[in-house]
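Chain letters run A, B, ... following the sequence lines, proteins first, then strands; residues in each count from 1.
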Amino acid sequence: MAIDTTRAAGSEFSPDNPAPLIEPPRTRTPHSPRATRTNFELYGWLFMRLSGIVLVILVLGHLLIQLVLDGGVSKISFAFVAGRWASPFWQVWDLAMLWLAMLHGGNGLRTIINDYAQNDDTRFWLKALLYTATVFTVLLGTLVIFTFDPNIR
Amino acid sequence: MWSWVAHRVTGVLIFFFLFVHVLDTALVRVSPEAYDDAIDLYKSPLVGFMEYGLVAAVLFHALNGLRVVAVDFWQRGARYQRQMLWVAVGLWALLMAGAAYPVLNHAFRELFGS
């Protein structure tokens, strides 16, 4: 919209003499290309912080139980796992830890690939590998927690 | 800058361990013997020291991660980022010292007898 320059400088604006409307830059018009930008990276950034806080509790608790308390690593066995997964509390704990840690780590590695892999093809294939491995591991871990059978033999 | 590098390096190491750890835990669906055989590897002295390294990586990533959250969400976070780094490093050293005996005790017993 053109600015009317015929008015005297310093004239008071009023309802009868409105200030010129200046269109902000990059205003979207019907001719603009379709928007492809989303807030994905913002939510990713937020997820890293929120999941990180939860994981501090879940993972440090896990390390304390598995590696520090009650003989540390020496007590771990099939029977120990069976004892823990008899309780829904630890099933939910481990399931939440698996999902949050895999998504947190997967997103972290995605960032690192984006930062260091400069070739388009390299970046594509590294991320394809990352997503495949992440989905596989999350599904395998989930399946194991839900189908665990203490009397397998 | 170096805390940022260390955060990346420890993050990648933990993520790779996580893959292995889900795979070894999946052996509980194969048989108790298969699982216990894999866990015996975790009880060997060499892997015992690697577990102490894993604890070091996880503790640093956790403490520095909480510092990043404080820098991003706490009003005065950016101003105290340096002090918070020293708090994180101090806590890390303290917790590492405390974890040394319970985590490494099994490896030392294997190496030198009990």
Quick one: what part of A/L63 sits under 4.5 Å from any heavy atom of chain B, side chain, backbone, both or neither?
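When you check distances to chain B, only side chain atoms of A/L63 fall under 4.5 Å.
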
Region of A/I57 that comes under 4.5 Å of a non-hydrogen atom in chain B:
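No part of it gets close to chain B.
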
Give the intermediate values and the outcome of side-chain contact (heavy atoms from CB on, under 4.5 Å) for residues B/V22 and A/F136.
CA-CA 10 Å; B/V22 173; A/F136 172 78; over 6 Å; no

Cluster partners of A/F124, using ILVMFWY side-chain heavy atoms under 4.5 angstrom, listed by chain and number?
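Members besides A/F124, by chain and number: A/W125.
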
Atom group of B/A26 that falls short of 4.5 Å from chain A, counting heavy atoms:
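The answer is both parts of B/A26.
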
Let's test your reading of the structure: which of [options] forms the most heavy-atom pairs below 4.5 Å with chain B?
| options | result |
| --- | --- |
| A/A133, A/G71, A/G72 | A/A133 |
| A/V59, A/V68, A/L143, A/I145 | A/V68 |
| A/V73, A/V56, A/L98 | A/V73 |
| A/L50, A/I112, A/L55, A/L69 | A/I112 |

What option among B/G11, B/P32, B/P102 has the most heavy-atom pairs under 4.5 Å with chain A?
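Looking at each option in turn, the highest pair count goes to B/P32.
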
Give the member of B/L59, B/L18, B/V103, B/V28 that has the highest number of heavy-atom pairs under 4.5 Å with chain A.
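Greatest number of close heavy-atom pairs with chain A: B/V28.
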
Do [X] and [Y] belong together in a cluster built from hydrophobic side chains that touch within less than 4.5 Å?
| X | Y | result |
| --- | --- | --- |
| A/M48 | B/F73 | yes |
| A/M102 | B/V20 | yes |
| B/V87 | B/L85 | no |
| B/V68 | B/M84 | no |
| A/F80 | A/F78 | yes |

Do you know which of B/V55, B/V58, B/L95 makes side chain to side chain contact (heavy atoms under 4.5 Å, CB included) with A/L60?
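Exactly one option meets the side chain to side chain contact (heavy atoms under 4.5 Å, CB included) with A/L60, and it is B/V58.
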
Could you list each donor and acceptor atom pair linking chain A to chain B at less than 3.5 Å?
| unit_1 | atom_1 | unit_2 | atom_2 | d |
| --- | --- | --- | --- | --- |
| A/R49 | NE | B/D72 | OD2 | 2.5 |
| A/R49 | NH2 | B/D72 | OD2 | 2.9 |
| A/S74 | O | B/K43 | NZ | 3.3 |
| A/I76 | O | B/K43 | NZ | 2.8 |
| A/F78 | N | B/D36 | OD1 | 2.8 |
| A/D115 | OD2 | B/R8 | NH1 | 2.9 |
| A/D115 | OD2 | B/R8 | NH2 | 2.5 |
| A/Y116 | OH | B/R8 | NH1 | 3.0 |
| A/T147 | O | B/R29 | NE | 3.4 |
| A/T147 | O | B/R29 | NH1 | 3.4 |
| A/T147 | OG1 | B/R29 | NE | 2.9 |
| A/R153 | NH1 | B/E33 | OE1 | 2.7 |

Validation row: A/L140, B/L23 side chains within 4.5 angstrom (heavy atoms):
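Touching, per the 4.5 Å side-chain cut-off.
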
